[in-house]
> 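Following this message is one structure expressed as structure tokens.
All values below were derived from every heavy atom in this structure, side-chain atoms included, with hydrogens, water molecules and symmetry-related copies excluded.
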Amino acid sequence: MNNNFTFTIKSILLDENYHPSNSTRITTNFANLARGESRKENLQNALRMIDNSFNALAHWDNPKGDRYSVELEIISVDMDVNGDGKAFPSIEILKTNIIDHKTNERTEGIVGNNFSSYVRDYDFSVLLLNHNKNQPTFSIPDNFGELHGKLFKYFVNSASYKQNFKKPPVICLSVSDNKTYHCTDNQHPVLGYEYKPNDSSLTEQYFKKMGLQVRYFMPPNSVAPLAFYFFGDLLNDYTNLELISTISTMGTFQKIYRPEIYNANAVAGKHYQPNLKNADHSLTQIVYDRAERSQLAIDQGKFAEENFIKPYQNILERWSSQYA
């Protein structure tokens, strides 16, 4: 292959003093919290919610519910396409670390969790929108998500990834409000009851091109299932505490951004269809602007088009045609 893309991995703590960098997608969960007059209070409240959720799930040998705390690292991955030192902000993900205050040990949790990608913004907010503009029926462009999927798999299989992370990533997203989920009899001690969707979604198909499969579980103390995207065997490749670190982190973000689903006042039933218009929910004491996030996704997609897709189009197309 003519092109061997290189990755630079950087890490900063997500704590109450976090400020988004210029290359961070502002629609990313943690970046959206860290803006405006309430930024510090937002971050403090979210981190407290994560710790409380973790201790509620990791309740064994934890009588006071304060044994653990979760340390979050923002992992930024810059990609050099041409080997000229010019890097594009490829993806940002979160890494959890588990602090055990009883043993004074710090152990790695799971990398992935949140998933931020400018190229995904381009696919959904530029390419897909333009393809369907003024069309009578919705359709998906040829090779939709192919480049993004291959780039992600290339990164996960790279020496850079393997030098920095011990296990493959797990990404945790909200469920789709246009599907129905059926509760099965399969129950995991920390993931909870497994749900099965009635149909495949565009998001599922997109992440499948990234090499990821998906399963849906509703953890204890939760009111709706979460979507877990992963390589390998989700239930056996990760410890209970590793899984809890992802559940507590992403469950908290979903309560903030999807309160109609994840902070609803009623628990999902055996047959469950999420509803973003559900009025029977509670709000967290955390400020964010959902409308702004939708508009910014288009801006971010155009940024990827102008700074990555167009400048490197020939190189990327040639590489993609050779990469299995």
Side-chain angles (χ1 to χ4, degrees), residues 1-12 20-32 74-94 111-133 140-161 164-165 169 171 173 202-203 205-212 229 292-324:
M1 215 174 287
N2 294 331
N3 290 92
N4 290 312
F5 306 143
T6 57
F7 300 99
T8 301
I9 297 176
K10 295 175 288 187
S11 169
I12 61 169
S21 72
N22 291 333
S23 61
T24 292
R25 291 170 64 254
I26 297 302
T27 55
T28 302
N29 289 333
F30 47 81
N32 191 267
I74 300 170
I75 307 298
S76 301
V77 183
D78 291 342
M79 179 179 171
D80 186 342
V81 174
N82 233 1
D84 56 7
K86 295 180 180 179
F88 180 77
S90 175
I91 63 172
E92 276 188 323
I93 48 181
L94 283 179
V111 66
N113 301 289
N114 188 86
F115 181 72
S116 175
S117 165
Y118 280 110
V119 178
R120 183 175 64 166
D121 283 334
Y122 165 76
D123 283 339
F124 279 92
S125 299
V126 177
L127 181 63
L128 188 63
L129 283 183
N130 289 342
H131 177 77
N132 285 284
K133 191 175 183 179
I140 300 172
D142 293 339
N143 300 321
F144 180 71
E146 291 285 345
L147 174 63
H148 183 269
K150 290 178 179 180
L151 290 173
F152 182 77
K153 287 186 286 187
Y154 187 78
F155 167 62
V156 172
N157 288 318
S158 70
S160 297
Y161 183 93
N164 284 274
F165 312 113
I171 297 166
L173 304 180
L202 183 57
T203 299
Q205 296 166 29
Y206 193 82
F207 276 77
K208 186 176 182 180
K209 292 184 177 181
M210 296 162 61
L212 297 163
Y229 288 87
E292 182 191 43
R293 293 183 81 215
S294 299
Q295 178 57 45
L296 284 172
I298 297 175
D299 296 339
Q300 290 165 175
K302 291 178 179 177
F303 171 82
E305 182 179 33
E306 294 301 321
N307 293 276
F308 185 72
I309 301 297
K310 286 183 177 179
Y312 301 112
Q313 185 172 3
N314 291 336
I315 295 173
L316 293 170
E317 287 179 353
R318 184 169 63 250
W319 174 85
S320 183
S321 68
Q322 298 173 359
Y323 187 82

> Which of parallel (below 30°), tilted (30 to 60°) and perpendicular (above 60°) describes Tyr161 and Phe165?
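Tilted: the ring planes of Tyr161 and Phe165 meet at 30° to 60°.
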
> At what distance, to the nearest 0.5 angstrom, does CD1 of Ile9 lie from OG of Ser90?
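OG of Ser90 is found 10.0 Å from CD1 of Ile9.
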
> Name all residues meeting the side chain to side chain contact (heavy atoms under 4.5 Å, CB included) criterion together with Ser11; count only those two or more places apart in sequence or in a different chain, and write none if there are none.
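Applying side chain to side chain contact (heavy atoms under 4.5 Å, CB included) to Ser11 gives Glu73, Ile75.
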
> Looking only at non-hydrogen atoms, find the nearest pair between Lys153 and Tyr323 and report the distance.
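Scanning both residues completely, I find the closest heavy atoms to be C-OH, 3.7 Å.
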
> Flag the pair Phe303 / Asp121 as yes when at least one side-chain heavy-atom distance between them is below 4.5 Å, and no otherwise.
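Of all side-chain heavy-atom pairs linking Asp121 with Phe303, none is under 4.5 Å.
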
> Go through Ile74 and Glu92 one step at a time and tell me if the side-chain contact (heavy atoms from CB on, under 4.5 Å) criterion holds.
CA-CA 7 Å; Ile74 300 170; Glu92 276 188 323; 3.8 Å; yes

> Suppose we screen for salt bridge (Lys or Arg N to Asp or Glu O under 4.0 Å). Which residues come up paired with Glu317, at least two apart in sequence or across chains?
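Partners of Glu317 under the salt bridge (Lys or Arg N to Asp or Glu O under 4.0 Å) test: none.
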
> Within a radius of less than 6.0 Å around CG of Asp142, do more than 12 heavy atoms belonging to other residues, nucleotides or ligands occur?
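Not buried by this count: 12 neighbours or fewer within 6.0 Å.
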
> Got a sec, which residues hit side-chain hydrogen bond (donor to acceptor under 3.5 Å, both in side chains) with Lys133, two or more places apart in sequence or on another chain?
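Lys133 satisfies side-chain hydrogen bond (donor to acceptor under 3.5 Å, both in side chains) with no residue once adjacent residues are dropped.
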
> In terms of side-chain heavy atoms, does Asp123 have a donor or acceptor partner in Tyr206 at a distance below 3.5 Å?
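Judged by distance alone, the side chains do pair up.
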
> Hey, what do you get for OH (Tyr122) to CG (Leu128), rounding to the nearest 0.5 Å?
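The OH atom of Tyr122 sits 11.0 Å away from the CG atom of Leu128.
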
> Can you tell if the side chain of Trp319 reaches within under 4.5 Å of the side chain of Tyr154, non-hydrogen atoms only?
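Sidechains of Tyr154 and Trp319: in contact.
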
> Of all heavy-atom pairs between Pro311 and Glu305, which one has the smallest distance, and what is that distance?
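Taking every non-hydrogen atom into account, CD-O, 3.9 Å.
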
> Check whether any side-chain heavy atom of Phe144 lies under 4.5 Å from a side-chain heavy atom of Gln205, and answer yes or no.
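A side-chain contact is absent here, since even the closest heavy-atom pair is not under 4.5 Å.
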
> Measure the shortest side-chain to side-chain distance between Asn114 and Ile93 over non-hydrogen atoms and say whether it is less than 4.5 angstrom.
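Side chain of Asn114 against side chain of Ile93, heavy atoms only: no contact under 4.5 Å found.
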
> Sort out for me which residue in Asn164, Val77, Ile91 forms a side-chain contact (heavy atoms from CB on, under 4.5 Å) with Phe7.
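The side-chain contact (heavy atoms from CB on, under 4.5 Å) with Phe7 is passed solely by Val77 among Asn164, Val77, Ile91.
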
> Taking side chain as C-beta onward, heavy atoms only, is His148 less than 4.5 Å from Tyr118?
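Result no, sub-4.5 Å side-chain heavy-atom pair not found.
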
> Would you please indicate if the ring centroids of Phe152 and Phe115 are separated by under 6.0 Å?
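Between Phe152 and Phe115, the centre distance is under 6.0 Å.
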
> Salt bridge (charged side-chain N to carboxylate O under 4.0 Å, His left out), that's the test. Do Lys86 and Asp80 meet it? Break it down for me.
CA-CA 6 Å; Lys86 295 180 180 179; Asp80 186 342; over 6 Å; no

> Taking atom NZ of Lys302 as the centre, does the number of heavy atoms from other residues, nucleotides or ligands within less than 6.0 Å exceed 12?
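Counting other residues, nucleotides and ligands, NZ of Lys302 stays at 12 neighbours or fewer.
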
> If you take all heavy atoms of Lys150 and Ser320, which pair is closest and at what distance?
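The answer is NZ-O, 2.7 Å.
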
> Locate the shortest heavy-atom distance separating Pro169 from Gly112; write the atom from each residue and the value.
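Minimum heavy-atom contact is CB-CA, 4.2 Å.
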
> State, with a plain yes or no, whether a side-chain heavy atom of Ile171 is found less than 4.5 Å away from one of Leu212.
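Yes. Closest side-chain heavy atoms under 4.5 Å.
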
> State, to 0.1 Å, how close Tyr312 and Asn307 come at their nearest heavy-atom pair, and which atoms those are.
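Closest approach of Tyr312 to Asn307: CE1-O, 3.9 Å.
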
> Counting C-beta onward and ignoring hydrogens, is there a side-chain heavy-atom pair between Phe5 and Leu316 closer than 4.5 Å?
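A side-chain contact exists here, since the closest heavy-atom pair is under 4.5 Å.
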
> Do the non-hydrogen side-chain atoms of Phe88 and Val81 ever get within less than 4.5 Å of each other?
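Counting from C-beta outward, Phe88 and Val81 never come under 4.5 Å.
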
> Which atoms form the tightest heavy-atom contact between Ala87 and Asp78, and what is the distance?
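What the structure gives for the nearest pair is CB-CB, 3.7 Å.
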
